[in-house]
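What you see below is based on every heavy atom in this structure, not just the backbone, and it leaves out hydrogens, waters and symmetry mates. Fair warning: this is a prediction, and the values are worked out from it, not measured in the lab.
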Amino acid sequence: MTIQTSFDGPRICFLGDSFTQGLGDPEFRGWVGRVLQAAAPAATAFNLGVRRDTSAQVRRRWRSEVEARTLPGADNRLVLSVGANDAMPADGAPGEGGAPRVAHEDTLANLAALLGEARALGLGALVVGPPPVGCGGAVHRERLRELVPAMAETCAALGVPFVDVTEALAADPVWTAEAAAGDGAHPGAGGYGRLAELVLAGGFREWVGAERSGSEGSGSESSGADLTLSALQGES
């Protein structure tokens with residue numbers, strides 16, 4: 001067993017919904033725990049995922065929760081993942097084709113406002129796109145197909161890295177099978193392992209390892225941080 005003895009890496013808040021929380025993972029690691037283990041073992045991390053939260057709800061709560069977990073002069077970071085709940089039918093809406101909980105234009109406005117506020121606070125940010133919700137049906141997937149490219153454009157305009165995971169997960173047999181066997185939305189260890197792989201391949205490792213001006217930490221990570229595919233998927 002390897003014991004982590006140094007935590008001189010960045011302080012990272014992971015903000016989002018139940019996918020960020022890792023709901024459904026019997027190992028209680030989710031994708032957040034897996035990417036940290038693989039690429040940022042020296043980070044001080046905070047999982048601020050809340051089940052059923054939309055971008056509007058995350059925007060209302062994020063500042064007080066994140067500010068309580070940052071330190072002056074530290075390498076403070078934010079990973080944001082919203083949108084999956086925004087595209088689900090609003091409570092009381094008729095059928096899966098009812099009005100979404102949050103309109104696309106409002107999701108984009110919430111995203112832009114939150115990232116702008118994070119920059120003003122000196123937080124380095126990265127956005128992970130919304131995973132598909134299987135029980136949301138074809139309508140939910142089509143909504144995400146419209147929303148995700150616009151989210152990517154918003155992030156690009158603000159100079160924030162964006163990791164697109166939606167279509168890859170929708171086509172992934174492990175993710176879809178585990179979600180279907182569970183509550184229809186959340187996968188198990190294997191599905192979260194797939195999501196972690198996408199986040200790592202999408203630039204998280206480079207983002208978390210990059211030094212940021214004005215921070216005390218070097219942002220360097222252990223050379224032994226790489227995990228095998230089986231470990232990411234919860235098979236170790």
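- In this structure, Q57 and R101 have side chains that are in contact, with non-hydrogen atoms separated by less than 4.5 Å.
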Test log, rule side chain to side chain contact (heavy atoms under 4.5 Å, CB included), inputs R69 and E65: CA-CA 7 Å; R69 292 163 174 84; E65 294 186 11; 3.9 Å; yes
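- Proximity of V208 to P10: side-chain heavy atoms (C-beta onward) are separated by under 4.5 Å at one or more points.
- Crowding of R51 atom CZ: a count of heavy atoms from other residues, nucleotides or ligands under 6.0 Å not exceeding 12.
- Heavy atoms only, all atoms of each residue included: T166 and P130 are closest at OG1-O, 2.7 Å.
- Each ring-ring contact (aromatic ring centres under 6.0 Å, His included) pair with one or both residues in residues 119-138, not counting sequence neighbours, would appear here, but there are none.
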Under the criterion side chain to side chain contact (heavy atoms under 4.5 Å, CB included), I'd like the reasoning laid out for C155 against L115: C-alpha separation, chi angles, the key distance, then a yes or no. CA-CA 8 Å; C155 290; L115 292 176; 4.0 Å; yes
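- Remark: the T70 side chain and the N76 side chain contain no N/O donor-acceptor pair separated by less than 3.5 Å.
- R29 and Q37 share a side-chain donor-acceptor pair at under 3.5 Å.
- For T107, the side-chain hydrogen bond (donor to acceptor under 3.5 Å, both in side chains) partners are D86, not counting sequence neighbours.
- Interatomic distance, CG of L114 versus CG of L15, reported as 6.5 Å (0.5 Å rounding).
- Considering all non-hydrogen atoms of both residues, V174 and G191 come closest at CG1-N, 3.7 Å.
- The side chain to side chain contact (heavy atoms under 4.5 Å, CB included) test with R77 singles out one residue from I12, L126, L123, and that residue is I12.
- Residues A84 and V133 share a closest heavy-atom pair of CB-CG2, 4.2 Å.
- Note: the hydrophobic cluster containing L195 does not contain V50 (ILVMFWY, side chain heavy atoms under 4.5 Å, direct or indirect links).
- Rounding to the nearest 0.5 Å places CZ of R59 at 12.0 Å from CG of L80.
- Each ring-ring contact (aromatic ring centres under 6.0 Å, His included) pair with one or both residues in residues 150-181, not counting sequence neighbours, appears once here: F19-W175.
- Side chain of N110 to backbone of D106: a donor-acceptor contact under 3.5 angstrom is found.
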Do E167 and L144 pass the side chain to side chain contact (heavy atoms under 4.5 Å, CB included) test, and can you show the C-alpha distance, the side-chain angles, and the key distance before you say yes or no? CA-CA 9 Å; E167 288 297 320; L144 291 189; over 6 Å; no
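- Atom CZ in F28 sits 9.5 Å away from atom CG in L23 (nearest 0.5 Å).
- In this view, W62 and E117 satisfy the side-chain hydrogen bond (donor to acceptor under 3.5 Å, both in side chains) rule, not counting sequence neighbours.
- Note: R145 CZ to E142 CD = 4.5 Å, rounded to the nearest 0.5 Å.
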Steps toward side chain to side chain contact (heavy atoms under 4.5 Å, CB included) verdict (L147, L108): CA-CA 8 Å; L147 178 62; L108 299 175; 4.1 Å; yes
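- Shortest non-hydrogen contact noted between T154 and A112 is CG2-CB, 3.9 Å.
- P100 places a side-chain heavy atom less than 4.5 Å from the side chain of R143.
- Of all the heavy atoms in A170 and P132, the pair that sits closest is N-CG, 3.6 Å.
- Judged by distance alone, the side chains of R52 and N85 never bring a donor and an acceptor atom under 3.5 Å apart.
- Using a 4.5 Å heavy-atom threshold, the side chains of R34 and E27 count as touching.
- Cluster membership check: L158 shares its hydrophobic cluster with L121, using side-chain heavy-atom separations under 4.5 Å among Ile, Leu, Val, Met, Phe, Trp and Tyr.
- Hydrophobic clustering (side-chain heavy atoms under 4.5 Å, transitive across Ile, Leu, Val, Met, Phe, Trp, Tyr) keeps L111 apart from V102.
- For residues 102-135, the set of pairs meeting the ring-ring contact (aromatic ring centres under 6.0 Å, His included) definition, not counting sequence neighbours, is empty.
- For F204 against V35, the heavy-atom pair with the smallest separation is CE2-O, 3.9 Å.
- At least one donor-acceptor pair closer than 3.5 Å links the side chain of R205 to the backbone N or O of A38.
- Every pair passing side-chain hydrogen bond (donor to acceptor under 3.5 Å, both in side chains) that includes a residue from residues 10-21 is listed here, sequence neighbours excluded: S18-H186.
- Between V128 and F14, every side-chain heavy-atom pair lies at or beyond the 4.5 Å cut-off.
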